[in-house]
Amino acid sequence: MEETINRGHFIETIIRQDVENRKNDGRVATRFPPEPNGYLHIGHAKSICLNFNMAKKFSGHCNLRFDDSNPAKEKQIYIDSIESTVHWLGFDYGTALFASDYFDRLYGFAEELIEKGLAYVCSLPGEEIRAYRGTLTEPGKNSPFRDRSVAENLDLFARMKNGAFEEGEHTLRAKIDMASPNINLRDPVIFRIKKAPHPRTGDKWCIYPMYDFTHCVSDALEGITHSLCSLEFEDHRPLYDWYLDNLSVPCHPQQIEFARMNINYTVLSKRKLQLLVDQGHVAGWDDPRLPSLEGMRRRGYTPAAIRKFCDTISVSKKESRIDVGLLESCLRDDLNETAPRAMGVLRPLKVIIENYPEDKVETLSAMVHPQKPEMGTREITFSKEIYVEQEDFMEDPPKKFFRLGPGREVRLRNAYYVTCREVIKDEKGDITALICTYDPETRGGNAPDGRKVKGTIHWVNAKDCLSARVRLYDRLFTQEDPEKGGQDFTQNLNPASLETLGDCKLEKNLSKARPEKVFQFERLGYFCLDAKDSTDRAPVFNRTVTLRDTWAKVTGKKR
RNA sequence: UGGGGCGUCGUCAAGUGGCAAGACACAGGGUUUUGAUCCCUGCAUUCAGAGGUUCGAAUCCUCUCGCCCCAGCCA
């Protein structure tokens, strides 16, 4: 179904050609290389899907490799979260790999560079290194330590490893070209001293390799064929290639860069998301308003919907800002197929059916999914007092309003036709209840006389329902680009991104709801039980996404 | 202003010299016990702009314009 006629995106084209040309013997191996310094977000899902899908499509393998070469920022909790999230998304990588597992070999490769005269220990302090580097428009100048002998370099490097120096005293640098127009080639640092315990190697090391060195070597050691990364590493590719060309590694993977994902009305970077959490704008990393994968999972997003979305947006080198509507469309697409239907009234309005017997309770049958009889039926109860949505009644309805109004007849979904006879108000003039009559002949929702009714509304039995809190989410920011023109994005936070309704009435069947099991509350949207704040006595449901609402569109009402 | 990239419908995105796919959105219409779903129909004479090559250009060449990234002992 998702198989289209075109050849796919540019990366797929490259890989296909490589396979056809028997490059790497036709083998394909990719990797998803997160740094365990935070949680994953939807932007990472793009990379995860890309890497795993390419591997699968060409009968290869995709590794999950943690790029853990900076112990100052990395933590085991992030490793655990990332692993669990990748699994949740539906991908299997076998066992996770770690760049830190290659530290010994990385040290050896650094020695190889020294022995080849291609690396040296530099004793310039940080500010000096920066000053010597030059600027974007001016070349740098050589470090005074650039011509140390191989023996001295080897000795110094060994002492760096053995903890003889303090942080910042020395670095190991590649000897490339201080005048290169590409700043990454101006003698980049290979190893630096960092006296921090590492989540996996503990106190074994006090020097750690830098990203550029670690990444390409790790790729090579794992036999990666295509190393896919984001655009900002384009400038690093010459360095990636330089290291591999000068080291006795088993292979030379090809780095290919693609554009990161952006989505409107939200922000997508670990740093910004962390700031929202730290400043308390959201309740945590898994706040359902966040585009973090844990947040989306709690919100009710399904892995299938996220995968479909990543598929749909495809991959290119163009910077883009994707309409969040596309994400929601992929979500609805999946949920429409899979979500069982139920009825829930968010803002209850009591309806008393005056001609219905006082103590009668009857059981009606409703389909779990109107287009899928194989999903079965459920039972719902009906009696004299029910709740309907406040929105579904208007005292003075316009012509095209198909719902309840004085004297108007509507169908109660799966139940009876009812006609509004009287409006009850309190002393303030607020509507407190409706008196209706029902037509006993219309049980199940059809009139034997063939009389049609334009509107069908949802309802819940007042005496047999579940009271719950329901949280309605809206976009987190009011601006498409929350940082437009360099603005502080927290200034564009949407104050109405969360609305909590305290007294919702839900059909009794929903007491069986479980987190991540999404229901469609008919006519309203998709909802799921919250995994954290819900208790048996006080259930909390999150609105995953609304239904498409063309009526709201004509009335100009917001979501 | 050094270097590296990118510019095809409102938003993503195919297209790789032969005469602009698809999706979302949008606008109409049909079906409907969810104003949902589903189903039709419409929606770029034009590919950032200007020249050029060619029988023929979004695709090749030249110039111009716009946007993004790079000066961490971060990744």
Student: Can you name the residues that form a ring pair (Phe, Tyr, Trp, His ring centres under 6.0 Å) with A:H458, not counting sequence neighbours?
Tutor: none

Student: Dump every N/O contact between nucleotides 64-66 of chain B and the protein below 3.5 Å, one line per pair.
Tutor:
none

Student: Is B:G29 in the syn range, within 90° of 0, or in the anti range?
Tutor: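 That one's anti.
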
Student: Going by side chain to side chain donor-acceptor pair (under 3.5 Å), name the pairs with one or both residues in residues 312-321 of chain A, residues two or more places apart or in two chains.
Tutor: A:E234-A:K317

Student: Using the test side chain to side chain donor-acceptor pair (under 3.5 Å), find all partners of A:K270 that sit at least two apart in sequence or belong to another chain.
Tutor: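 Listed in chain order: A:N37.
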
Student: Test your reading of the model: is there a side-chain donor-acceptor pair from A:S292 to the backbone of A:H41, 3.5 Å cut-off?
Tutor: no

Student: Show me the pairs that pass side chain to side chain donor-acceptor pair (under 3.5 Å) and involve residues 162-174 of chain A, at least two apart or across chains.
Tutor: A:S123-A:H170

Student: Check residues 174-181 of chain A and write down every donor-acceptor pair under 3.5 Å in which the side-chain atom is one partner and the other belongs to a residue at least two apart or another chain.
Tutor:
unit_1: A:K175; atom_1: NZ; unit_2: A:R146; atom_2: O; d: 3.2
unit_1: A:D177; atom_1: OD1; unit_2: A:A179; atom_2: N; d: 2.8
unit_1: A:S180; atom_1: OG; unit_2: A:N182; atom_2: N; d: 3.0
unit_1: A:S180; atom_1: OG; unit_2: A:N182; atom_2: O; d: 3.2

Student: If B:A21 has a Watson-Crick or G-U wobble mate with both distances under 3.5 Å, name it; if not, just say none.
Tutor: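 Paired with no nucleotide.
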
Student: Please work out if A:T13 contacts a base, only the sugar-phosphate, or nothing of the nucleic acid, heavy-atom cut-off 4.0 Å.
Tutor: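 Nothing, no nucleic acid heavy atom in range.
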
Student: Round to a whole Å and report the spacing from CD of A:E328 to C1' of B:U11.
Tutor: 14 Å

Student: Which pairs pass salt bridge (Lys or Arg N to Asp or Glu O under 4.0 Å) with one or both residues in residues 34-51 of chain A, sequence neighbours excluded?
Tutor: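 Qualifying pairs: none.
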
Student: For atom NZ of A:K454, is the number of surrounding heavy atoms from other residues, nucleotides or ligands below 6.0 Å larger than 12?
Tutor: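 12 or below, so no.
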
Student: Check the surroundings of atom CD in A:E128: do more than 12 heavy atoms from other residues, nucleotides or ligands lie under 6.0 Å from it?
Tutor: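 Atom CD in A:E128 is packed in, count exceeds 12.
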
Student: Give every pair of a protein N or O atom and an N or O atom of nucleotides 28-31 of chain B that lie under 3.5 Å apart, one pair per line with the distance.
Tutor:
none

Student: Taking the six-membered ring of A:Y120 as reference, does the cationic atom of A:R148 (NZ for Lys, CZ for Arg) lie under 6.0 Å from its centre and within 45° of its axis?
Tutor: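 No; the conditions do not both hold, so A:R148 does not lie above the ring face of A:Y120.
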
Student: Could you work out, with side chain to side chain contact (heavy atoms under 4.5 Å, CB included) as the rule, every residue matching A:P370, not counting sequence neighbours?
Tutor: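 Partners of A:P370 by the side chain to side chain contact (heavy atoms under 4.5 Å, CB included) criterion, ordered by chain and then number, come out as A:R341.
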
Student: Return the value, rounded to whole Å, for the distance between atom NE2 of A:H369 and atom C1' of B:U32.
Tutor: 13 Å

Student: Taking the six-membered ring of A:Y132 as reference, does the NZ or CZ atom of A:K141 fall below 6.0 Å from its centre and within a 45° cone about the axis?
Tutor: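 Relative to the ring axis of A:Y132, which defines the angle, A:K141 lies inside both limits.
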
Student: Taking protein heavy atoms under 4.0 Å as touching, what does nucleotides 70-75 of chain B look like 5' to 3' if B marks base contact, S marks sugar-phosphate-only contact and - marks none?
Tutor: BBSBBB

Student: Could I get the full list of ring pair (Phe, Tyr, Trp, His ring centres under 6.0 Å) partners for A:F477, not counting sequence neighbours?
Tutor: none

Student: Between B:U34 atom P and A:H458 atom NE2, what is the distance in whole Å?
Tutor: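 After rounding, the reported distance stands at 13 Å.
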
Student: Quick one: A:E319 CD to B:A13 C1', roughly how many Å, whole number?
Tutor: 16 Å

Student: What does the list of N/O pairs under 3.5 Å between the protein and nucleotides 35-37 of chain B look like, with a distance for each?
Tutor:
unit_1: B:G35; atom_1: OP1; unit_2: A:R523; atom_2: NH1; d: 2.9
unit_1: B:G35; atom_1: O2'; unit_2: A:T550; atom_2: OG1; d: 2.6
unit_1: B:G35; atom_1: O2'; unit_2: A:W551; atom_2: N; d: 3.3
unit_1: B:G35; atom_1: N7; unit_2: A:R403; atom_2: NH1; d: 2.3
unit_1: B:G35; atom_1: O6; unit_2: A:F402; atom_2: N; d: 3.1
unit_1: B:G35; atom_1: O6; unit_2: A:R403; atom_2: NH1; d: 3.4
unit_1: B:G35; atom_1: N1; unit_2: A:K400; atom_2: O; d: 2.8
unit_1: B:G35; atom_1: N2; unit_2: A:K400; atom_2: O; d: 3.2
unit_1: B:A36; atom_1: OP1; unit_2: A:T550; atom_2: OG1; d: 2.9
unit_1: B:A36; atom_1: N1; unit_2: A:Q371; atom_2: NE2; d: 3.3
unit_1: B:U37; atom_1: OP1; unit_2: A:R548; atom_2: NH1; d: 3.3
unit_1: B:U37; atom_1: OP2; unit_2: A:R548; atom_2: NH1; d: 2.8
unit_1: B:U37; atom_1: O2'; unit_2: A:N336; atom_2: ND2; d: 2.9
unit_1: B:U37; atom_1: O2; unit_2: A:Q371; atom_2: NE2; d: 3.4

